[in-house]
Amino acid sequence: MFILAIETTGKIGSVSLITKDESKHDSFEVVKTAKTFEPMSHLKNLPGLIHEAMNSGEDSSFIGMQDIDAIAVSIGPGSFTGTRIGVSVARSLAQALGKPIIPVGSLEMWKWKLKQHKLHSREEVAEGRKMALTKYVVPIYNARRGQVYGSIFRSENNFLKSDDSIKSNDSTENEACIEVHSGSCLMLEDLLQKLETDIEETSQGLKNKGMASHNNHHRFEINFYGDGCKVYESTLAEWKSKQLEKCLDNIEIDIIWNSKDEEYFEPNSELVGLFAAEIMRTENRLKKYDEVLPDYMRIPEAEAKLKAGLIGVKKNEKKNYYVRTATPEDANIIAEMAAKYLTHSWDADEIRKDMEQNPNSRYFVVVRSGKAFPGQAYRGESEVVGYILYWNVLGQGEIHDVVVSEDFRRRGLGRKLVNHILRTGRHEGVCDFTLEVRSRNEAAIKLYEEFGFRSEGIRKGYYDNADDAVIMWRRTEKANK
């Protein structure tokens, strides 16, 4: 039996050929591994790596692509581009060869370390004392901004107390492990807190069983893997120091990682293949080529920023928003936004009346056009996404409302509205503007300050929830004179 294993979620791509060891029951071994030392070159080098892995020496003539029984591939999380490349190649091979795929998570593959190093609960004799050993495998990949893709796997505790001695309930070398945290994208501090909590609960459980007494010691061995070991080494070191300080006399903690060893940095195809072979014994994970998809564990950063309005706006969308004078037909949508975002608001009829009968009121709306990206045909106005209101009172502008729909914030539309009325007011001879803003609305205060507004007073408890109102003015040189 042969398994072709592909790993491209990390910086270094690799391919391994795995086969069943006929001399050992249900055991697999690595025939050959090929990997590239050129970071992030999966698309260019993956076909060559597959060819090199299949060319396994003297017996290579007897191993063809049709001899492969299954294709194992890491499906993420990891590099978004690398993951797509690996999954796409595996799907293409599986479709062409008519072979199944074994999808392997790039976090769960590290469970193999529990078997490879026999990191499972067992008895140990240390310095004449019985010592129970619990081991953890904690893969962490850098997800940026203090976040990691992380999992926590622990050796299964099967200890029983009998005749004042510690005995293992696992006489058959059970390599089962407990998924303390199966995997997610989260802050490293949160993952370490989950790990710390599990250690404390496990210690307490052993104590309740009488296994962590003065005669019986327990040791925890925690093994971190992944490029997060290097990126967040200072955080790990601080956490390690904290755990060592908390250790009781009858509990030892050994926390291990290596920020200089590539084995700790990169997932590899050997882990993918050997783990895939292992899970074939316990679960049916053989999939058709069209059933396997990447597991990004979160949307790509570029997509997240686009949804948040942090990228793509200046180049692609900025010209698709424009400000125009509001009409009575806009009163309904203005009233809806006012009711949703303002403490005090008028209904549509009151707004419409103010537009039509008050010569001093000025309403403007910001509109998203139907033209989504440059080069597309204009499809007409799409929707009103914000508005601004000010009154021209004796040459002074009193700004009352500045509202942008929540889904369209962080796109500079509030700034666009304020800038528009300042230019409009200048043409009408308005010398200065004033407004009131909640003292806790730091973002709005910062925006107004960028346009030259300055705080000139406070209205205590002005708003319904007793928030103070900051009175801000923008005074021109002409007005000061």
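Computed from heavy atoms alone, side chains included, the values below leave out hydrogens, waters and symmetry copies. Just so you know, residue 1 is the first one in the sequence shown, and it goes up from there. On a predicted model such as this, the values are computed, not experimentally measured, just so you know.
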N/O donor-acceptor pair under 3.5 Å between S361 side chain and D354 backbone: yes
CD on E233 to CD on E238, rounded to 0.5 Å: 13.0 Å
Test item: R411 and R368 side chains (from C-beta on) under 4.5 Å apart, heavy atoms: no
I71 to A94 - nearest heavy-atom pair and separation: CD1-N, 3.6 Å
Test side chain to side chain contact (heavy atoms under 4.5 Å, CB included) applied to A326 - qualifying residues, sequence neighbours left out: D330, I334, M355, Y363, V365
Donor-acceptor contact below 3.5 Å, side chain D401 vs main chain I388: no
Set of side-chain hydrogen bond (donor to acceptor under 3.5 Å, both in side chains) partners for Y341, sequence neighbours left out: none
Pair S74, E7: side-chain N/O donor-acceptor within cut-off below 3.5 Å: yes
Main-chain N/O of D407 paired with R410 side-chain donor or acceptor, under 3.5 Å: no
N142 side chain near R144 side chain, heavy-atom distance below 4.5 Å: yes
Under-4.0 Å salt bridge between K460 and D468: yes
Residue pairs fulfilling salt bridge (charged side-chain N to carboxylate O under 4.0 Å, His left out) with at least one residue in residues 34-50, sequence neighbours excluded: K35-E262, E38-K44
Heavy-atom pair of closest approach, residues K287 and P103: CG-CD, 3.8 Å
Donor-acceptor under 3.5 Å (S14 side chain, S269 main chain): yes
From N441 atom CG to E436 atom CD, the distance as rounded to the nearest 0.5 Å: 13.5 Å
Heavy-atom side-chain proximity of V470 to Y448 below 4.5 angstrom: no
Residues which pass side-chain hydrogen bond (donor to acceptor under 3.5 Å, both in side chains) with D349, listed by chain and number, not counting sequence neighbours: R352
Residues R219, D254; criterion side-chain contact (heavy atoms from CB on, under 4.5 Å); working and verdict: CA-CA 8 Å; R219 181 158 69 91; D254 194 8; 4.2 Å; yes
Non-hydrogen atoms of Y149 and A143 that approach each other most closely: CE1-CB, 3.8 Å
Pairwise side-chain contact, I50 with L93, heavy-atom cut-off 4.5 Å (strictly under): yes
Pairing of R154 and E201 as salt bridge, 4.0 angstrom limit: no
Derivation and outcome, side-chain contact (heavy atoms from CB on, under 4.5 Å), residues T83 and T8: CA-CA 6 Å; T83 301; T8 58; 5.6 Å; no
Donor-acceptor pair, side chain of R474 and main chain of F451, under 3.5 angstrom: yes
D347 backbone acceptor or donor facing E350 side chain under 3.5 Å: yes
Which atom of M109 lies closest to which atom of P267, heavy atoms considered: SD-CB, 3.8 Å
Full working for side-chain contact (heavy atoms from CB on, under 4.5 Å) between T202 and F220: CA-CA 10 Å; T202 302; F220 292 93; 3.9 Å; yes
Approximate separation, where rounding is to 0.5 Å, of Y390 OH and T424 OG1: 6.0 Å
Matching residue for I102 among I75, L286, V73, V292 - test: side chain to side chain contact (heavy atoms under 4.5 Å, CB included): L286
side-chain contact (heavy atoms from CB on, under 4.5 Å) assessment of N268 paired with T33: CA-CA 9 Å; N268 61 77; T33 295; over 6 Å; no
Rounded distance [0.5 Å steps], OG in S151 versus OH in Y136: 14.5 Å
Within 6.0 Å of CZ in F408, more than 12 heavy atoms from elsewhere: yes
Atom of V402, atom of I399 and distance for their closest heavy-atom approach: CG2-CG2, 3.8 Å
C229 versus L236, closest heavy-atom pair with distance: CA-CD1, 3.9 Å
Expected output: side-chain Y462 to main-chain R438 donor-acceptor under 3.5 Å: no
Scan the side chains in residues 178-192 for donor-acceptor partners under 3.5 Å anywhere in the protein, sequence neighbours excluded, and list what turns up.
unit_1: E179; atom_1: OE2; unit_2: K111; atom_2: NZ; d: 2.3
unit_1: H181; atom_1: NE2; unit_2: S184; atom_2: OG; d: 2.8

S106 (side chain) donor-acceptor with G76 (main chain) under 3.5 angstrom: yes
Beyond-backbone contact of L195 with F224, side-chain heavy atoms, under 4.5 angstrom: yes
Expected output: side-chain S155 to main-chain K135 donor-acceptor under 3.5 Å: yes
Partners meeting side chain to side chain contact (heavy atoms under 4.5 Å, CB included) with T81 (sequence neighbours left out): S79, R84, I85
Heavy-atom check, side chain of M337 versus side chain of V384, under 4.5 Å: yes
H400 side, atom NE2; W346 side, atom CH2 - distance, nearest 0.5 Å: 7.5 Å
Minimum side-chain heavy-atom gap V437-M472 below 4.5 Å: yes
Rounded distance (nearest 0.5 Å) linking atom CG of L271 with atom CD of E266: 11.5 Å
Polar side chain donor-acceptor pair, Q193 to T197, under 3.5 angstrom: yes
Side-chain donor/acceptor of S241 to backbone N/O of A237, under 3.5 Å: no
Side chain proximity check, F153 to K113, heavy atoms < 4.5 angstrom: no
